[in-house]
Amino acid sequence: SQKIEQNSEALNIQEGKTATLTCNYTNYSPAYLQWYRQDPGRGPVFLLLIRENEKEKRKERLKVTFDTTLKQSLFHITASQPADSATYLCALENGGFKTIFGAGTRLFVKA
Amino acid sequence: GAVVSQHPSWVICKSGTSVKIECRSLDFQATTMFWYRQFPKQSLMLMATSNEGSKATYEQGVEKDKFLINHASLTLSTLTVTSAHPEDSSFYICSASKASGGAGDTGELFFGEGSRLTVL
């Protein structure tokens with residue numbers, strides 16, 4: 001069966017450290033993978049998209065890697081700040097621009 | 001930027017009534033809109049894909065007669081929850097894509113703020 005797995009446990013880190021979140025998927029062959037941020041009671045906000053032929057993508061303090069062999073993406077936030085605290089969602093393209101989301105990982109950054 | 005407005009942001013209704021939720025793309029034309037449902041601490045579950053001028057495509061297990069979707073224009077899609085029951089209480093979120101099928105298209109989705117439905 002198809003699955004998108006993200007760490008279900010919350011990730012707690014100290015301000016200034018790098019947060020690393022993992023997304024693993026099974027039985028998908030996405031042309032691209034995306035990461036979104038979601039705050040409580042709000043809709044998700046797009047952060048980064050990485051295509052299947054790209055290994056790494058960066059945007060300011062964010063970095064995403066995509067390994068289609070391992071079927072895994074890693075999402076890094078460097079120099080993390082308390083304002084980065086949120087739920088981060090991994091999302092896969094599943095044909096026709098249809099996007100399927102993982103359950104998300106909750107990140108808490110302590111000052 | 002691309003802004004998607006969703007209305008209402010929250011609604012409380014009695015069991016058996018119908019509720020309509022609107023999703024508008026404010027500064028772009030959205031050929032395709034998507035409707036999601038989210039339970040607390042769970043993932044967004046795709047309910048249906050809404051294409052302008054045609055019938056919506058529903059995901060497996062989603063009742064099309066229960067959740068009526070209308071995409072009458074390139075900037076508006078509506079979701080109507082018919083004969084609502086307490087188990088329909090959830091957070092409903094719409095998203096819109098700018099994609100038109102061209103080579104430069106990305107899959108970035110622009111989300112509304114969500115509508116919290118509570119059925120008493």
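So you know, we letter chains A, B, ... as the sequences are listed, proteins then strands, and number each from 1.
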Seminar exercise, completed: Scored by heavy-atom pairs under 4.5 Å with chain B, the best of A:Pro40, A:Gly41, A:Ala31 is A:Gly41
For this session: Using a cut-off of 6.0 Å, state whether more than 12 heavy atoms not belonging to A:Glu60 lie near its atom CD.
Result: no
For this session: With side chain to side chain contact (heavy atoms under 4.5 Å, CB included) as the test, would you mind laying out the steps for A:Ile100 and B:Leu46 before giving the verdict?
Result: CA-CA 7 Å; A:Ile100 307 299; B:Leu46 180 63; 4.2 Å; yes
Exercise. Taking all atoms of both residues into account, what is the closest heavy-atom pair of B:Phe91 and A:Gln38, and its distance?
Worked result: CE2-NE2, 4.3 Å
Exercise. Does NZ in A:Lys57 sit with more than 12 non-hydrogen atoms of other residues, nucleotides or ligands closer than 6.0 Å?
Worked result: yes
Seminar exercise, completed: Pair count under 4.5 Å, heavy atoms only, with chain A: among B:Gln6, B:Met45, B:Gln38, highest is B:Gln38
Problem set entry | Heavy atoms of other groups near B:His85 NE2, more than 12 under 6.0 Å | yes
For this session: Below 4.5 Å from any heavy atom of chain B, which atoms of A:Gln6 appear? Answer side chain, backbone, both or neither.
Result: neither
Exercise. What are the two closest heavy atoms between A:Pro44 and B:Ile93, and how far apart are they?
Worked result: CD-CD1, 4.1 Å
For this session: Can you establish whether the number of heavy atoms outside A:Arg42 located under 6.0 Å from its atom CZ is more than 12?
Result: no
Problem set entry | Flag side-chain contact, heavy atom, 4.5 Å: A:Tyr36 against B:Leu44 | no
Exercise. How many angstroms lie between atom CD of A:Gln34 and atom CG of B:Leu109, to the nearest 0.5 angstrom?
Worked result: 5.5 Å
Exercise. More than 12 non-hydrogen atoms from neighbouring residues, nucleotides or ligands closer than 6.0 Å to CD on A:Gln14, yes or no?
Worked result: yes
Problem set entry | Centroid separation B:Phe111 to A:Phe46 less than 6.0 Å | no
Problem set entry | Shared hydrophobic cluster, A:Leu62 / A:Val64 (ILVMFWY, side-chain heavy atoms < 4.5 Å) | yes
For this session: Identify the two heavy atoms, one from B:Ser43 and one from A:Phe101, that lie closest to each other, and give their separation to 0.1 Å.
Result: OG-O, 2.9 Å
Exercise. Take atom NZ in B:Lys66; do more than 12 heavy atoms of anything else shown fall under 6.0 Å from it?
Worked result: yes
